[in-house]
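What follows is one structure encoded as structure tokens, with my remarks underneath.
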Amino acid sequence: MSENKQKIKIALLQALPGCGLHEQMQRGMAACRKAKEMGADIALFPEMWSNGYEIPQDKGELCALAIEADSDFVTAFGNLAADIDMAIAVTILEKYDPKPRNTVILFDRHGERILHYAKVHTCDFGDERMLTAGDDFYVANLDTAGGQIKVGCMICYDREFPESARILMLKGAELILVPNACPMEINRLSQLRARAFENMVAIATCNYPKGKPDCNGHSTVFDGVAYGPDGAGSRDMKILEAPEEDGIYMAEIDVDSLREFRRKEVHGNAYRHPQKYGLLISEEKNEPFFR
């Protein structure tokens with residue numbers, strides 16, 4: 001393997017939201033510029049950055065907060081990505097018929113929009129019942145200053161369904177970006193670790209810091225490499241866990257090591273038996289455990 005390994009630096013923009021769309025854009029762009037100064041190849045925002053993850057239960061108020069996917073707000077981050085040569089995953093409450101969507105849009109370092117994903121597993125037991133769920137999971141080849149990598153996205157509650165990361169892995173994802181807005185505690189962090197382990201993918205999650213209601217920081221990066229080289233045994237895949245505070249937190253993914261690990265190890269798609277999983281794709285829904 002080449003001594004000049006491909007490594008990609010990810011900046012988790014664990015920032016408190018401001019007040020209004022303009023302030024969100026200004027704060028977000030300043031955070032991206034700072035991340036670039038820190039050496040980032042990719043910057044990731046928390047969930048629904050455009051309005052600080054606010055979901056009014058009045059449909060009129062909600063729709064008034066939603067913005068188009070090609071709005072000036074989104075376009076500004078695409079232009080910024082090109083200006084500073086850094087990929088940016090920006091999150092919005094997206095205007096959509098009949099109800100808005102919880103969306104992430106990923107720009108490569110040239111400012112090209114390469115991925116547009118709406119949250120599939122909306123929290124329909126809570127405020128997100130006001131939103132439209134996404135239709136599918138997508139993977140794109142992301143060009144960064146650190147090299148190319150195949151990237152997919154999940155958003156918050158998607159994490160709690162193994163199928164989300166599994167489908168992204170089957171579509172070729174090497175890195176999954178996860179905008180988030182909830183308390184990150186041992187069980188949710190364990191879900192992310194499990195998704196990384198069972199699919200041999202790197203997973204980067206960006207949460208809001210403490211001070212945003214119902215959030216507590218603890219953004220994380222799991223690099224997806226569960227065992228050390230040359231039979232060195234199990235290793236901790238968690239290469240970053242941020243504290244609770246507002247800040248920009250950096251982690252570096254060794255892409256070549258991840259690819260070598262995926263080439264030779266037994267997880268992911270290596271020994272699956274999909275012909276035995278018919279029940280997983282049944283359209284029939286069981287009754288939920290609670291109402």
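What you see is a predicted model; the values in this text were computed from it and never measured. Quick note: residue numbers are just sequence positions, from 1.
For Asp246 (side chain) and Pro209 (main-chain N/O), no donor-acceptor pair under 3.5 Å exists by modelled atom type. Proximity of a side-chain donor or acceptor of Tyr53 to a complementary backbone N or O of Trp49 within less than 3.5 Å is not detected. Side-chain N or O atoms of Thr91 include one that pairs as donor or acceptor with a backbone N or O of Met48 at under 3.5 Å. In this structure a side-chain-to-backbone donor-acceptor pair under 3.5 Å is missing from Asp223 to Ile253. Checking side-chain atoms of Ser282 against main-chain N and O of Leu279 turns up no donor-acceptor pair under 3.5 Å. Under a 3.5 Å cut-off, the side chain of Glu252 and the backbone N or O of Ile10 do not form any donor-acceptor pair. No donor-acceptor pair closer than 3.5 Å links the side chain of Gln24 to the backbone N or O of Gly20. Within the 3.5 Å criterion, the main-chain N or O of Glu245 finds a donor-acceptor partner in the side chain of Gln14. Formation of a donor-acceptor pair under 3.5 Å by the Glu185 side chain with backbone atoms of Asn187 is found in this model.
With rounding to the nearest 0.5 Å, the separation of OG in Ser164 from CD in Gln191 is 10.5 Å. Distance CD1/Ile88 to CG/Leu13: 8.5 Å, rounded to 0.5 Å. Rounding to the nearest 0.5 angstrom, the gap separating the CD1 atom in Ile42 from the CD1 atom in Ile149 is 6.5 Å. For the atom pair Ile8 CD1 and Thr144 OG1, the distance stands at 4.0 Å (nearest 0.5 Å). Taken to the nearest 0.5 Å, the SG atom of Cys156 stands 4.0 Å off from the CG atom of Asn180. Atom CG of Asn199 sits about 8.5 Å away from atom CZ of Arg262, to the nearest 0.5 Å.
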Step-by-step side chain to side chain contact (heavy atoms under 4.5 Å, CB included) determination, Leu62 to Leu93:
CA-CA 9 Å; Leu62 178 69; Leu93 175 64; 3.8 Å; yes
Going through the distances and angles, do Arg166 and Arg272 end up as a side chain to side chain contact (heavy atoms under 4.5 Å, CB included)?
CA-CA 11 Å; Arg166 182 65 91 191; Arg272 295 172 65 246; 4.1 Å; yes
Side chain to side chain contact (heavy atoms under 4.5 Å, CB included), that's the test. Do Ile203 and Val221 meet it? Break it down for me.
CA-CA 6 Å; Ile203 298 183; Val221 177; over 6 Å; no
Can you list the steps and then say if Asp41 with Lys9 is a salt bridge (charged side-chain N to carboxylate O under 4.0 Å, His left out)?
CA-CA 5 Å; Asp41 300 305; Lys9 293 182 179 179; over 6 Å; no
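The 12-atom threshold is not exceeded at OH of Tyr271, counting heavy atoms of other residues, nucleotides or ligands nearer than 6.0 Å. The environment of Leu280 atom CG is dense: over 12 non-hydrogen atoms of other residues, nucleotides or ligands sit within 6.0 angstrom. Under a cut-off of 6.0 angstrom, the local environment of NZ in Lys264 is crowded, with over 12 non-hydrogen atoms contributed by other residues, nucleotides or ligands. Counted within 6.0 Å of NZ on Lys95, heavy atoms from surrounding residues, nucleotides or ligands total more than 12; the atom is thus considered enclosed.
Checked against the 6.0 Å centroid threshold, Phe222 and Phe197 do not count as a close aromatic pair. Taking the six-membered ring for Trp, Phe137 and Tyr117 have ring centres closer than 6.0 Å. Close placement of the Phe125 and Tyr157 rings is indicated, their centers lying within 6.0 Å of each other.
Judged by the 6.0 Å distance and 45° axis criteria, Arg101 is positioned over the aromatic ring of Tyr96. Geometric assessment of Lys171 against the ring of Tyr138 yields a positive cation-pi assignment under the 6.0 Å and 45° thresholds.
The aromatic rings of His121 and Phe161 sit parallel, their planes meeting at an angle under 30°, below the 60° perpendicular limit.
One hydrophobic cluster, built from ILVMFWY side chains closer than 4.5 Å, holds both Phe261 and Leu170. Note: the hydrophobic cluster containing Met25 does not contain Leu16 (ILVMFWY, side chain heavy atoms under 4.5 Å, direct or indirect links). Under the 4.5 Å side-chain heavy-atom criterion for ILVMFWY residues, a single connected hydrophobic cluster contains both Val178 and Leu258. When the side chains of ILVMFWY residues are joined at heavy-atom separations under 4.5 Å, either directly or via intervening members, Phe45 and Val74 end up in a single hydrophobic cluster.
In this model, a donor atom of one side chain and an acceptor atom of the other lie less than 3.5 Å apart for Asn141 and Gln148. Using a 3.5 Å distance cut-off with no hydrogens or angles, the side chains of His110 and Asp143 do pair a donor with an acceptor. With no hydrogens or angles considered, a side-chain donor-acceptor pair links Thr103 and Glu94 at under 3.5 Å.
The pair Arg33-Glu37 does not meet the salt-bridge criterion, since no charged nitrogen lies less than 4.0 angstrom from a carboxylate oxygen. Contact check on Asp83 versus Lys36 returns no salt bridge, with no Lys/Arg side-chain nitrogen under 4.0 Å from an Asp/Glu carboxylate oxygen.
With respect to Glu47, the salt bridge (Lys or Arg N to Asp or Glu O under 4.0 Å) criterion is satisfied by exactly one of Lys119, Lys212, Arg159: Lys119. The residue from His267, Arg235, Glu265 that alone fulfils the side chain to side chain donor-acceptor pair (under 3.5 Å) condition with Tyr227 is His267.
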